[in-house]
Every structure is written in structure tokens, then in C-alpha cells.
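Okay, structure first, notes after.
Since this is a predicted model, take the numbers as computed values, not measurements. Sequence lines set the chain letters: A, B, ... in the order given, protein chains first and strands last, and positions in each chain run from 1.
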2 protein chains.
Amino acid sequence: MEASIESGRAVQRPAIAEVLRESIRQGMLAPGQPLIQASIAEAMGVSRIPVREALHALAAEGLVTFGEDGGARVTALAPEEVDELWTLRALLESHMAPAIVRTATPADVAALRELVVAMDDLDATAWSDRNFSFHQELHRLAEMPHVGDATGRVLTMIEPYSRVAVTVLQEQSEAQAEHHQMIEALAAEDSDELARLLLHHSHRARKALLAYAAETAKPVDPQAVATAAARSLADHLGA
Amino acid sequence: MEASIESGRAVQRPAIAEVLRESIRQGMLAPGQPLIQASIAEAMGVSRIPVREALHALAAEGLVTFGEDGGARVTALAPEEVDELWTLRALLESHMAPAIVRTATPADVAALRELVVAMDDLDATAWSDRNFSFHQELHRLAEMPHVGDATGRVLTMIEPYSRVAVTVLQEQSEAQAEHHQMIEALAAEDSDELARLLLHHSHRARKALLAYAAETAKPVDPQAVATAAARSLADHLGA
DNA sequence: TTGCATTTAAGTGTATACACTGTATTCTCC
DNA sequence: GGAGAATACAGTGTATACACTTAAATGCAA
């Protein structure tokens with residue numbers, strides 16, 4: 001490979017799992033979609049070996065599932081699983097609330113407030129991206145690396161389904177209002193209130209999604225939402 | 001390798017991560033120990049490729065850490081991390097208590113009671129093994145696969161440190177007494193009491209370990225305990 | 001046209017081989 | 001004998017090649 005610093009360069013090793021993870025999280029790779037090693041390898045400009053490693057890592061995170069036939073697919077969650085994961089998210093985030101209040105500096109609060117304000121008028125897709133960052137940032141403040149990691153994994157797994165809530169169910173404005181309330185609770189150093197808000201935040205979205213799934217009488221289908229943004233992985237990588 | 005169905009046979013693929021995970025959990029591979037791909041591959045009778053995949057999967061689980069130099073080691077936890085993980089365990093297990101009480105059949109309770117009774121007179125090592133199974137069994141009853149998985153990961157990570165508590169700090173008899181109380185709470189369908197016991201169970205061990213770490217003024221050192229059982233991976237695989 | 005057998009293709013699993021990196025070791029020169 | 005340079009080594013990263021499995025497609029016979 002003669003030093004092509006340009007576009008077509010091979011993605012460097014640690015980035016492979018990263019790209020796949022982000023593609024799954026953002027719904028570009030829809031649940032259930034087969035992940036063919038050779039295709040991914042070609043799209044990334046590497047051999048299958050590092051791709052396999054990334055797939056195995058993602059499988060350990062739960063984002064990818066290997067079937068009995070050996071083939072890997074983006075993990076598809078049953079409605080009960082989505083329900084369970086939203087509940088788990090509520091538990092973990094509210095657990096971190098006291099630590100977040102304890103360690104957040106005024107500068108941290110100001111930065112978060114700025115982030116939330118900047119989210120006020122975004123469309124569903126852009127808002128969802130920032131929403132993920134906002135919560136990640138909140139977790140970081142708790143200074144609980146393992147709880148934060150576990151929560152991040154859960155957030156990543158439910159993100160495609162979360163986007164359904166935002167896009168189809170118009171959860172965005174309510175969620176955004178709650179974000180503002182969280183900032184105020186944080187500024188007031190009211191950890192009980194922050195915990196309450198975080199619990200409510202997740203459970204409201206959880207219930208809305210569950211009702212939606214029951215109503216449409218079929219598994220929660222993020223694919224319907226993803227389709228709009230669905231491009232091939234190669235396209236995504238080419239960007 | 002000419003069809004030696006005997007001892008030295010190659011370990012089949014999915015078993016590689018399994019064997020490593022168990023070896024780490026049981027303290028046979030001590031925290032901080034380098035995991036040399038070629039050595040593991042040779043010990044298992046496979047090439048480095050499947051070993052790499054297993055290591056990456058374990059890294060995604062947090063059991064293995066890749067250094068900046070690329071080398072993998074068994075993850076070593078700082079005392080604060082052990083503290084955090086024991087607290088997380090307490091949170092997750094108590095969260096499952098109501099579901100466990102709800103779904104456990106009399107037969108389940110009887111089986112668990114039998115398991116606990118059988119643990120009454122075991123030595124520290126054998127007791128620790130069964131202890132892990134007991135808690136896993138409890139989690140299984142909750143029928144919350146994702147919470148159960150997360151909890152299992154936490155249990156696995158802290159297991160080497162848990163063995164310190166059992167071996168050095170003589171936690172076994174108190175823990176065992178609590179196990180009996182859990183069975184009674186379960187039989188009485190008292191989920192509040194079960195949750196309380198599970199919380200107490202973890203937090204007592206957590207505090208004991210923390211005090212021990214502070215006392216010995218150095219990182220919690222499971223190696224001291226592991227040394228007794230320390231054999232090479234090859235020895236372990238040969239068994 | 002349908003049922004079955006045969007072939008083909010698509011995919012995975014993994015062993016081997018080679019390139020690269022950092023470190024330890026040895027050798028040389030002073 | 002000691003400091004520095006050159007070498008050897010121990011490891012990792014990954015591309016290639018090949019064996020194996022499964023499922024689809026094709027062709028043949030009834």
C-alpha cells in the first residue's frame with residue numbers, strides 16, 4: 001500500500017469495530033441484517049481477519065449475534081428485550097445521579113446546558129445523535145467507568161429503537177423538556193430530583209415504545225425508520 | 001496433528017474464549033498476567049487466529065485489556081473499580097429480586113435449597129465455584145436475559161477478588177448463612193426481604209474487601225490467593 | 001410439470017506466511 | 001571496562017490460501 005493518504009485508504013484496525021458499532025447504533029445497519037465478512041472487509045479495504053475480530057467483539061457486546069450456521073447478523077431484539085433494556089437503563093442512570101451531582105463542576109453544568117440548548121431546534125436524526133452524546137457526557141461525570149460502560153452498551157443497543165420513539169412517536173419535545181429540567185436539577189445539586197427525572201425519562205420512552213409495539217402488533221421495527229437513512233456500508237464509509 | 005482423539009486434541013472454536021474466561025474467573029490466570037497469543041494457541045492446539053478472536057471478545061467483556069503496545073493482559077482492577085463493581089452487583093441483583101420471586105416455582109426453590117445445603121461443608125475453593133453457580137441460577141430465574149448477562153459479567157470480573165474475601169477474610173460462613181436466608185425469603189415469596197438480603201450480601205463483602213485493601217495498603221491482590229492454585233494454562237487444559 | 005439428484009456457489013473457519021515494531025542482547029570501539 | 005551501534009528475538013497485525021459446510025441452482029427423469 002503506497003502511502004495513499006487519500007480517500008481509499010484502509011481503515012486502521014481499532015476503527016473497524018467502531019465503524020460497525022456506530023453504523024448499527026445509528027440504524028444504518030438494521031437489526032437482522034446479515035453481516036458478510038468478505039463484504040465488510042472489501043468495503044473497509046482490509047482482509048477478513050480484522051473484520052472477524054471486530055464482529056466477535058461486537059458479539060460480546062450484544063450488538064451482533066452469530067447464528068447456528070455461523071453467520072453474523074445485527075442483533076434483533078424482541079419487544080420484551082427492548083422493554084428490559086429500557087428498564088435497565090433507567091436503573092443504571094438513576095443509580096449514577098448522586099455521583100453526577102457530587103462531581104459536576106459549574107463548568108460541567110454550563111457545558112451540558114450549552115449542549116442541551118443547541119439541541120432545541122434539531123430535526124429527529126440530528127437530535128438523536130446529540131441525545132446520545134448528552135447522556136454519555138452525563139455518565140462520564142459520574143466517574144464510574146464500569147457502570148458507565150454498561151450503561152453505554154445498553155444505550156447503544158436500544159438506540160435504533162429509541163429513534164423510533166423520536167421519529168414516529170414524537171418523543172423529542174418531551175424528552176428535550178426533561179433535559180432542561182435535568183440541567184436545572186444538576187445546577188441545584190438536587191440528586192433526588194435528577195434521579196427521578198432520569199427514571200421518568202427512560203420509563204416514559206419505554207412505555208411509549210411498548211404501546212407502539214402492541215398497537216402495530218408486530219416486533220418493534222426500527223427498520224421502517226432506518227430505511228430512510230439506509231445506505232450501504234460502503235456508501236457510509238466512502239463519506 | 002494426526003487425528004489424536006485423545007488428550008491433546010484441539011479445543012473446538014467456541015470453547016477457547018470459554019476456557020480463558022473460566023481460567024481468569026477462577027484465578028488460574030492472575031490479573032495483570034500477559035496473554036501471549038502464540039502460547040495460548042499452542043496450549044490449545046490451534047493457530048493464533050481463533051485465539052485472537054477469543055481475546056477480543058474477552059476484551060469487549062472487560063476481562064482482558066489490550067495495552068498500547070498491543071499486548072493483551074488479564075485485566076487488573078484498582079480497588080475503586082472493585083468497589084464500583086461490587087456496588088453494581090448489589091444494584092443489579094436486588095433489581096432482579098421481585099422477578100425471581102415471581103417466576104420461581106416450588107421445584108426451583110427446592111433445587112436451589114439443595115444446592116445451598118450441598119455447599120455447607122465445602123472448602124473455600126469448591127465453595128466459591130458453587131457460589132458462582134448459585135447466583136447464576138438465581139439470575140436465570142429472573143428471566144431477564146440482558147440484566148442477567150450484565151450481572152454475570154460483573155460477577156466474573158470480581159470473582160478473583162471475591163475469592164480473596166472467602167479465603168483470607170473468612171466470609172464463607174456469613175455468606176452461606178445469608179444464602180439460607182435467601183432461600184427462606186424465596187420460599188416465603190418475600191421479594192423485599194430477598195432484595196434486602198442480596199443488597200446486604202454484596203455490600204458486606206464489598207466493605208470487607210475495601211477494608212482489607214486499605215489495611216494492606218496496596219491494590220487488592222488476588223494473585224496471593226491465586227498462587228496456590230496457579231498452574232500453567234497448559235496444565236489446566238491437559239486436565 | 002414436478003421430484004430428486006447433482007453440481008455450483010457463497011460463506012465460514014483457520015493454518016500458514018510474512019511484514020512490522022519494540023526490546024533485549026551482543027559486539028565493537030574507545 | 002564501559003558506551004554506543006548493530007543485531008537478534010519475541011511479539012503483534014494481517015493478507016493469502018485452502019478445507020469444509022450449507023444452500024441454492026441446475027439438470028435429468030418420470
Side-chain angles (χ1 to χ4, degrees), chain A residues 1-5 8-21 23-24 29-60 63-76 232-234 237, chain B residues 1-5 8-21 24 29-30 32-60 63-76 232-234 237:
Chain A
M1 182 180 308
E2 50 273 28
S4 59
I5 322 247
R9 212 183 82 238
V11 179
Q12 61 272 46
R13 223 263 302 149
I16 296 177
E18 192 75 19
V19 170
L20 288 175
R21 190 184 295 108
S23 299
I24 293 170
L29 295 172
Q33 174 165 340
L35 297 169
I36 308 301
Q37 299 173 4
S39 310
I40 297 168
E42 192 183 7
M44 302 245 193
V46 298
S47 82
R48 280 167 49 215
I49 303 295
V51 172
R52 289 177 58 79
E53 284 162 13
L55 289 176
H56 281 277
L58 294 173
L63 284 176
V64 160
T65 305
F66 280 85
E68 337 64 41
D69 61 341
R73 292 169 174 271
V74 178
T75 299
S232 77
L233 181 61
L237 294 172
Chain B
M1 182 176 308
E2 51 273 26
S4 58
I5 321 244
R9 209 182 86 239
V11 179
Q12 62 271 45
R13 221 263 304 149
I16 296 178
E18 194 73 21
V19 170
L20 288 175
R21 190 184 296 108
I24 293 170
L29 294 173
Q33 174 165 340
L35 297 169
I36 308 301
Q37 299 173 3
S39 312
I40 297 168
E42 191 183 9
M44 302 245 194
V46 296
S47 82
R48 280 168 47 216
I49 303 295
V51 172
R52 289 175 59 79
E53 284 162 13
L55 289 176
H56 280 277
L58 294 173
L63 284 176
V64 160
T65 305
F66 280 84
E68 338 61 43
D69 61 340
R73 293 169 174 272
V74 178
T75 298
S232 76
L233 180 61
L237 293 173

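Counting only residues at least two apart or on different chains, the side chain to side chain donor-acceptor pair (under 3.5 Å) pairs with a member in residues 64-75 of chain A are A:T65-A:T75.
Atom-to-atom, NE2 of A:H56 to P of D:dT14 comes out at 15 Å; the value is rounded to the nearest Å. Distance B:M44 CE to C:dG13 C1': 17 Å, rounded to the nearest Å. A straight line from CD of B:E68 to P of D:dG13 spans 12 Å, rounded to a whole angstrom. Atom CD1 of B:I49 is separated from atom P of C:dA15 by 8 Å (rounded to the nearest Å). As a whole-Å value, the separation of B:I16 CD1 from C:dG13 P is 12 Å. In this structure, B:R73 atom CZ and D:dT12 atom C1' are separated by 14 Å, rounded to whole Å.
For B:S47 and C:dA15, the shortest distance from a side-chain N or O to OP1 or OP2 is below 4.0 Å.
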Would you tabulate the pairs of protein nitrogen or oxygen atoms and nucleotide nitrogen or oxygen atoms of nucleotides 10-12 of chain C closer than 3.5 angstrom?
residue, atom, partner, partner atom, Å
C:dT12, OP2, A:Q37, N, 3.4

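A pairwise comparison of heavy atoms in A:V74 and A:A30 identifies CB-O, 3.4 Å as the closest pair. Here the shortest heavy-atom pairing between A:V51 and A:A41 reads CG2-CA, 3.7 Å. Closest approach of A:A72 to A:L55, counting heavy atoms only: CB-CD1, 4.3 Å.
Between its opening and closing five pairs, the helix from C:dT1-D:dA30 to C:dC30-D:dG1 changes axis direction by 20°, a value rounded to 10 degrees.
Using a 4.5 Å heavy-atom cutoff, the side chains of A:I24 and A:V64 are in contact.
Just one residue in the list A:L63, A:I40, A:L20 forms a side-chain contact (heavy atoms from CB on, under 4.5 Å) with A:L29, and that residue is A:L20.
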Give the table of side-chain donor-acceptor pairs shorter than 3.5 Å for residues 42-49 of chain B, with sequence neighbours excluded, one pair per line with atom names and distance.
residue, atom, partner, partner atom, Å
B:S47, OG, B:I49, N, 3.3
B:R48, NE, B:Q37, OE1, 3.2
B:R48, NH2, B:Q37, OE1, 3.3

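Residues passing the side-chain contact (heavy atoms from CB on, under 4.5 Å) test with A:A57, sequence neighbours excluded: B:A60.
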